[in-house]
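For reference, the structure discussed in these notes is given below.
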2 protein chains.
Amino acid sequence: MTLDQRKKNRVTLLDVARHAGVSRATASLVIRKSPLVGADTRARVEASMEELGYVYNMGAARLRADRSLTIGVVIPNLTNPFFAELLAGIETVIDAAGMVVILVNSGDQVGRQDMLMTRMREHGVDGIILCPAAGTGEGLLERLGEWHLPLVQVLRRVSDQVDYAGVDYAQGMRQAVDHLSELGHREIAFAVHGPVHSAYEERVEGFRQAMQAKGLGAEKVVRVPHQISAIVDAAHLFSEGPTASTAVICFNDVVALGLSAGLYDLGIQVGRDFSLIGFDDVADADAMRPRLTSVSTFPEAIGEGAANLLLDRLAHPEIGPRKLVKATKLQIRQSSAPWRGGDHDLRTARG
Amino acid sequence: MTLDQRKKNRVTLLDVARHAGVSRATASLVIRKSPLVGADTRARVEASMEELGYVYNMGAARLRADRSLTIGVVIPNLTNPFFAELLAGIETVIDAAGMVVILVNSGDQVGRQDMLMTRMREHGVDGIILCPAAGTGEGLLERLGEWHLPLVQVLRRVSDQVDYAGVDYAQGMRQAVDHLSELGHREIAFAVHGPVHSAYEERVEGFRQAMQAKGLGAEKVVRVPHQISAIVDAAHLFSEGPTASTAVICFNDVVALGLSAGLYDLGIQVGRDFSLIGFDDVADADAMRPRLTSVSTFPEAIGEGAANLLLDRLAHPEIGPRKLVKATKLQIRQSSAPWRGGDHDLRTARG
DNA sequence: GCAGCGCTTTGGATCGATCTAATTGGGTTG
DNA sequence: CAACCCAATTAGATCGATCCAAAGCGCTGC
C-alpha cells in the first residue's frame, strides 16, 4: 500500500528531464551544480524540479558514484554526558559539511564493535570516527586499512598509524597535581574507575610522572566502582586506611560527584578539610556545591577536531597519519583548598 | 588511488556466485537467508563469501528493494543528558532490529528541522523518530504524511494523527504536588525554563490542575533562565518577593540542580527549610546533596518505546495512530521535607 | 510415457542516479 | 570553405543488488 504509493509517486530525474525537455544527463549536471550547463537550461530544470517535487535519491547516486555522504560514529557509551558532548561536536561539523552521522553504540565490547564495523561498511559509510572499546587490538585498525576505509580514532588511541584526536591527559594531570601541591597537599590519591584503555593509562601515567616531578609518592591509585551510587560508598577509602589522603584527583567528574557526596555523608567538608579535583569539567561541575575544581578537556571541541580530521582525510587520502592533541585547562573553583595541617577534624588516623 | 583500490578490490555478489558455481540470483537468496535454496548450495555459497571476503552492499540493495534499514532520529539538543538517554534507548532497539540510526540535531529550530527532514528523505530512511522543535506546526507532519514516510513523535506532540511516545506529565505533576501538599506546603511554585512546546504546556497545565485539586493557588509559575549558571542566580525569586514559596517543583533536574546551588548560596537549607522537587530523575539526582526528590520519567524507556512504535508502524502501515504514554514515578529523597511552619529561619518576610 | 507437482535454480529486466565518450551547433581561423 | 575549437548537451553503459517469470529436475500417479 504505502510502499506502492511511494513507488508510484516517486519523481525521478528522468521525469524532471522530460518535463524540462532535456536529457537525464543534463538534469544530473544541474543537480550537481556543474558549471557545464547553460544558465537558461539550469533555470528551466530547477523550475521543473520544484514543480514536480523532485527528491534527490542518494541511494542511487551512491551506488554509481561510490560515496555516501555518510560517516559512521562508534561510541562506547551514550549515557555518559561526556560522550554526548563529544557526539554533539562531531555532529555539528559533519552536518555543516552536508554529510550525515550514522551512530552506533559499542557498549565498550570488542565483539560488538567488530560487528558494528562490518555493518558500517555494508552501509557504505565514507569514513568512521571511532572511540575504540577497551581491549581493541591493532588488528581491527589494520583490517580497516585493508578495507581502505578512512578512520579517525578519538579519545583513545590504539595505533600510531592512524589519525587520532584526543586530549593531553598528562598535561591535565600535571595541572591538577601542581595545583594541589602548591596548596600544600602531599598525600594525594588518584581515584580511577571504568574500563582500561589508552586514555586510562595516560591519565594514570600522567599522575605518576606529575607526582614524581613534585617529589611525591604516586602509589595511591585507587579503583572505585563504576556506578555512581556505589562510588558514594567508596569515599571512606580516602578518609581512612592505607589510602587515606588529604586530596583526591578523580578520573572524571562522575567520580568526583560521587566522592563529593560520599565525603559529605562522612561529615568531611570538601573545600575545607579535604580537596577534590574532577576531570572533564562537564556542565554540572560549576553547579555543584562546593563548586568543583576540574580539569577541562573540552569534549565538544574534541569532537569537532575529530570530524575535521576525518574530512581532511577524505579530501587527502595520501597524507600521513596526523595527531590532534588538545590542551587541558584547570578550572579552579571551591573544592580545592589549602592543606590545613594537623588541626582539622579529618580522621586520617594512620600509622 | 584509495578509491580505485576500493573499487577494484570490491567483491560483488557476481564474483561470489561465479566462485561457487551458481547464479547471482541464487547467491542473493543465500544472503537473504531464503528457505528456497538447498542446504549444500547454501553452504557452498557461504564458503565462497567467506573465502573471497564478500561485503554486502546495502546501497545497491536499497536501490532495488526500496528499503534502507536506516531510520532518522531528529533531536533538539544533544547536550542535554535527558536526550542522550533517550537516544541511547532508541539506538538499542533499532540496533537490535538490525537497523541503524542516522542522527541529526535540530537545535530546536524549525527551519533547520525542515531542512534536515528533507535530507533524511534524500538519504532514504525507512522512518523517522522526531522530537519536534518548539514551534513546529502540523504542516510538517502533513507533508510527511504525503511523503508516506513513517514517523513517530517523541516527548513532544504536534498532531494526534501521528504515532506518539511520551510521558504522562500531568500524573508526574500530581505526584509532586500531592507529595508536597501532604508535607504541609501550601506556597508551592513551579520553576520553568526553556522553549515552549507541548511537553512544556502539559507540565504547566498539570501543575495548575494538581494545585487546584488540592485547593491551592497555582499562580506561581516562574520562568528562570536557560543556562544552569544563570539559574543559580535566580534562586532568590523563590525566597523573597511576590513569588516566594516554601517549596518549588522544577521543570527538570537541571533547574533543580541550579536552584539547589542557588538556595545553598543564599544560606537556605534545602530539605529542611525549603523543599525542592526535580523532574526526570537523571543519574545525578541521587548523587546530589541533599539527594534530590525527583519525578522519574524514564527517558531510556521512552526511547525504546518510540523505536518499537516505529518498528510496528513499518510492519503495519495501515493501523491507526497510536499513543504510548508512560507513567511517572516519584522518587522521594532528601530535598523534600515537611513544612516547618513559621519557626524556621527562612527569610520569606512577605505581607 | 507423460502430465503434474514440489523443490531449486536461473536469466534478464530493473531500481535511479553518474560517468564516458561522442555529438551538436555556433563561432573563429587560415 | 574546410578545419578547428569551445561550450553545451546527450545516448548508452554502468554501479551491485533484487524481483519476476520461467525453467530444470527428480518423482509420483495414472
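A note on names: the letters A, B, ... follow the listed sequences, proteins ahead of strands, and every chain is numbered from 1.
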[X]/[Y] ion pair, N-O < 4.0 Å:
| X | Y | result |
| --- | --- | --- |
| D312(B) | R322(B) | yes |
| D15(A) | R10(A) | no |
| D126(A) | R62(A) | no |

Any side-chain N or O of [X] under 4.0 Å from OP1/OP2 of [N]?
| X | N | result |
| --- | --- | --- |
| R32(B) | dC19(D) | yes |
| S28(A) | dA17(C) | no |
| T41(B) | dT8(C) | no |

*For R157(A), enumerate each residue passing the side-chain hydrogen bond (donor to acceptor under 3.5 Å, both in side chains) test, keeping only those at least two apart in sequence or located in another chain.*
E202(A)
*asked:* Side chains of Q153(A) and D163(A), heavy atoms from C-beta outward: is any pair under 4.5 Å?
replied: no
*Is there side-chain contact between L311(A) and I71(A), with at least one heavy-atom pair below 4.5 Å?*
no
Between [N] atom [atom2] and [X] atom [atom1], what is the distance in whole Å?
| X | N | atom1 | atom2 | value |
| --- | --- | --- | --- | --- |
| D66(A) | dC19(C) | CG | P | 10 Å |
| K33(B) | dT18(D) | NZ | P | 12 Å |
| L63(B) | dG16(C) | CG | C1' | 5 Å |
| R64(A) | dC15(D) | CZ | C1' | 6 Å |
| R67(B) | dC15(C) | CZ | C1' | 13 Å |
| R62(A) | dC15(D) | CZ | C1' | 13 Å |
| I31(B) | dT18(D) | CD1 | C1' | 10 Å |
| R121(A) | dA17(D) | CZ | P | 12 Å |

_Can you tell me which residue among L86(A), V74(A), V73(A) is in a side chain to side chain contact (heavy atoms under 4.5 Å, CB included) with V154(A)?_
L86(A)
*Which residue pairs satisfy the side-chain hydrogen bond (donor to acceptor under 3.5 Å, both in side chains) criterion with at least one member in residues 74-95 of chain B, sequence neighbours excluded?*
R112(A)-D95(B), R119(A)-D95(B)
*Mind listing the residues from residues 43-55 of chain B sitting with a heavy atom below 4.0 Å of DNA chain C? Number order is fine.*
none
*Which pairs pass salt bridge (charged side-chain N to carboxylate O under 4.0 Å, His left out) with one or both residues in residues 33-60 of chain A, sequence neighbours excluded?*
none
Between [options], which nucleotide has the shortest distance from any of its atoms to the side chain of [X]?
| X | options | answer |
| --- | --- | --- |
| N57(A) | dA17(C), dT10(C), dA17(D) | dA17(C) |
| L29(B) | dG16(C), dA17(D), dT10(C) | dT10(C) |
| A61(B) | dG16(C), dA17(D), dC19(C) | dA17(D) |

*Sugar-phosphate only, base, or nothing, as touched by T12(A) at under 4.0 Å among non-hydrogen atoms*: sugar-phosphate
_Residues within residues 13-25 of chain A bordering DNA chain D, heavy-atom distance below 4.0 Å_ = V22(A), S23(A), R24(A), A25(A)
Return all side-chain donor-acceptor pairs below 3.5 angstrom for residues 130-137 of chain A, not counting sequence neighbours, or 'none' if the list is empty.
from, atom 1, to, atom 2, distance (Å)
T136(A), OG1, Q113(A), NE2, 2.9
T136(A), OG1, A133(A), N, 3.2
T136(A), OG1, A133(A), O, 2.5

*asked:* Nearest heavy atom decides the nucleotide; on that basis, is A27(A) or D40(B) closer to the 5' end of DNA chain C?
replied: D40(B)
